[in-house]
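The residues of the chain are indexed from 1 along the displayed sequence.
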Amino acid sequence: LPQPGASFGRIRLVREAHRERRVLLERVAPHLVRRLPFLLASAEQGRSRYSTVVAGPLAYWALDGFRKPAPRLVTAGEVGDLVPQLQTGVTCVLLEEAVTDDGRLTLATVKAAVGAGAVAANYLRVVGFERSRGTISGAVLERPDGEDPITVRCRTVVNATGPWLDHLRLLEDPKREPAVRLSKGVHLVLPPEGEWRAAFTLSLDGSRHVYAVPWRGMLLLGTTDTPYEGDPGAVAPDTAEERYLLAAASRFLPEERLRPDRVSCSFAGPRVLPRGDGGTYEASREHIVRVGPAGMISVGGKLTTHRLVTLDALRALPAELRPRKLRPNADPLPGALPPDARDLHLRLDDATSRHLIGLYGGEAEKLLRYATRFPDALEKVHPDGPDIWAQVYHAVDEEWAMTIEDVVRRRTTLGVRRLATD
């Protein structure tokens, strides 16, 4: 949330994020980006608490154009109705926000690109570039099977590799200074107790927050924000970070709910931040665009504003390759149209139908076709979870899944529910 005295750049970022969130909610991906009320409270004292709980949400609302509903103070009774078992005596503000499944949103975007003529390839690593007259003219890709590398000819390269962004920049020019730094965010998944109708965020010191979000029928706790300098592919939570989150959450949830043995899943991911002074909590969330000496365009930024990041990448293209008209594409992603769920409800129980619609939106009924090929397609993979075998077949056929981990952790919810089987 913007604080009083926030810089113009940060205010602009919040305004842009509001606008982009609204487009995703209403048109581009309404099946994957959903409205969710957030309760905001502060563990701070004095003026700091006022800034976080009152001034911050009001500024946030103003930057959203004073759209309804307005943030408001809520009574203890309302808090109990929205979030069961919440134990905090501090003042809470209710404001409108949104929640998404970042993996499914990214996957839907890739599917839309393929539908528009792109070619998607999984598990290929860039190990070098070919050049013509000093400009990149091809990328050398290493295959996971160890066979001969593949060279892809191209007129330009856009490096949108997230935490690996500087790795590719060094392949282009070993003397380049890093453009980004990484911070590590850890999340925990716990089973829910009662129906959470809102998320809860507690401000610890004005910049650090801990939150609990109802997600896929579970409770998601987050997050940490610490500098990370290791291999982006090896980032993982450690015991101290997990204990920190559980201890922070104990400020507003009963301790018996936060026993380490109740954590069904923990995971970590690296955030890409611009280089700069100060800690990662205070670092700018501006997206970056860099054009290298051999013409490679490197971009990185937030998922919420990914369409704007793409526009800036296109603006950096050579003039002969740049589209004549540059404006964000608001076409709905695959699954965005409302589903016709009659057959789903006829052949599956309500909980499974809702689960599939939540993951695939208007394309959920496509999973039923696997029943003609596989007798077990509509059976649950694990009796305690909602995922069915048709999702596994669909992940391999249409979602580029190549490993068990792809299916368990990245295409279904088996991993986060601790329901993966051998």
Side-chain angles (χ1 to χ4, degrees), residues 20-21 24-25 28-34 36 98-115 118 120-124 160-164 182 184-189 199 211 213-223 232-237 264-272 300-307 309-310 332-336 354-364 366-367 381 385-388 390-420:
E20 288 301 298
R21 182 193 64 182
L24 293 171
L25 271 167
V28 174
H31 60 310
L32 295 173
V33 183
R34 300 180 180 87
L36 181 68
V99 64
T100 190
D101 183 322
D102 54 353
R104 298 300 307 182
L105 180 60
T106 302
L107 189 58
T109 303
V110 173
K111 292 184 72 173
V114 170
N122 210 2
Y123 285 94
L124 293 176
T161 55
W164 288 273
L182 304 181
K184 176 182 176 182
V186 174
H187 296 78
L188 308 180
V189 180
Y211 55 76
V213 180
W215 185 81
R216 303 288 183 212
M218 298 165 285
L219 192 63
L220 184 68
L221 289 184
T223 180
V235 63
S264 61
C265 175
S266 62
F267 59 91
R271 302 182 189 89
V272 178
K302 289 169 60 70
L303 179 64
T304 305
T305 53
H306 68 273
R307 300 189 319 141
V309 177
T310 302
L333 292 178
R354 289 194 302 270
H355 172 70
L356 296 181
I357 292 171
L359 290 179
Y360 306 96
E363 295 194 326
K366 288 185 177 181
L367 297 173
V381 180
D387 294 290
I388 60 175
Q391 294 174 249
V392 179
Y393 306 133
H394 181 75
V396 175
D397 284 353
E398 299 193 23
E399 295 181 343
W400 302 280
M402 295 180 64
T403 68
I404 293 175
E405 188 175 12
D406 284 346
V407 173
V408 168
R409 292 186 64 91
R410 305 187 183 102
R411 306 298 191 277
T412 69
T413 65
L414 291 166
V416 295
R417 298 179 192 276
R418 200 190 282 172
L419 299 178

Those residues at least two apart in sequence (or on a different chain) that pass side chain to side chain contact (heavy atoms under 4.5 Å, CB included) with Ala364 are Leu344, Leu356, Ile357, Tyr360

By side chain to side chain contact (heavy atoms under 4.5 Å, CB included), Pro334 pairs with (sequence neighbours left out) Lys111, Ala112, Glu363

Looking only at heavy atoms, the pair that brings Val110 and Ala120 closest together is CG1-CB, 4.0 Å

Tightest non-hydrogen contact, residues Ala268 and Ala236, listed as CB-C, 3.8 Å

Heavy atoms, side chains only, cut-off 4.5 Å: are Arg216 and Leu359 in contact? yes

Side chains of Val272 and Leu182 in contact at under 4.5 Å (non-hydrogen atoms): yes

In terms of heavy-atom contacts, Val416 and Val189 come closest through O-CG1, 3.7 Å

Interatomic distance, CG@Leu220 vs SG@Cys265, rounded to 0.5 Å, equals 9.0 Å

Please answer whether the main-chain N or O of Leu32 pairs with a side-chain N or O of Asp101 as donor and acceptor at a distance below 3.5 Å.
no

Using 4.0 Å as the upper bound for N to carboxylate O, is an ion pair formed by Glu398 and Arg411?
no

With sequence neighbours left out, the residues meeting side-chain hydrogen bond (donor to acceptor under 3.5 Å, both in side chains) with Arg354 are none

Here the gap from Arg271 atom CZ to Leu303 atom CG, rounded to the nearest 0.5 Å, amounts to 13.0 Å

Sorted by chain and number, sequence neighbours left out, ring-ring contact (aromatic ring centres under 6.0 Å, His included) with Tyr211 holds for none

ask   = Does a side-chain heavy-atom distance below 4.5 Å link Leu36 with Pro214?
value = yes

Value for CG (Leu414) from CD (Glu405), rounded to nearest 0.5 Å, stands at 13.0 Å

For Gly269 and Val235 the tightest heavy-atom approach is CA-CG1, 4.1 Å

The reported gap from CD in Glu20 to CZ in Arg307 (rounded to nearest 0.5 angstrom) is 4.0 Å

Taking the side chain as every heavy atom from C-beta outward, state whether Leu24 and Thr100 have any atom pair closer than 4.5 Å. no

- Message: Would the distance check show the side chain of Ser264 and the main-chain N or O of Arg417 forming a donor-acceptor pair, the cut-off being under 3.5 Å?
- Response: no

Beyond-backbone contact of Leu105 with Leu333, side-chain heavy atoms, under 4.5 angstrom: yes

The ring-ring contact (aromatic ring centres under 6.0 Å, His included) partners of Phe267 (sequence neighbours excluded) come to His187

Note: Met402 and Asp406 closest approach over all heavy atoms is N-OD2, 2.8 Å

(message) With a 3.5 Å distance limit and no angle check, can you tell me whether Arg410 reaches the backbone of Ala401 through a side-chain donor-acceptor pair?
(response) no

d(Leu188 CG, Met218 CE) to nearest 0.5 Å is 13.0 Å

Sorted by chain and residue number, the side-chain hydrogen bond (donor to acceptor under 3.5 Å, both in side chains) partners of Thr412 (sequence neighbours excluded) come out as none

Scanning both residues in full, the closest heavy-atom pair of Pro237 with Ser266 reads CG-OG, 3.5 Å

- Task: Evaluate the side-chain proximity of His355 to Thr413: yes if any heavy-atom separation is below 4.5 Å, no if none is.
- Result: yes

Interatomic distance, NZ@Lys366 vs CG@Asp397, rounded to 0.5 Å, equals 12.0 Å

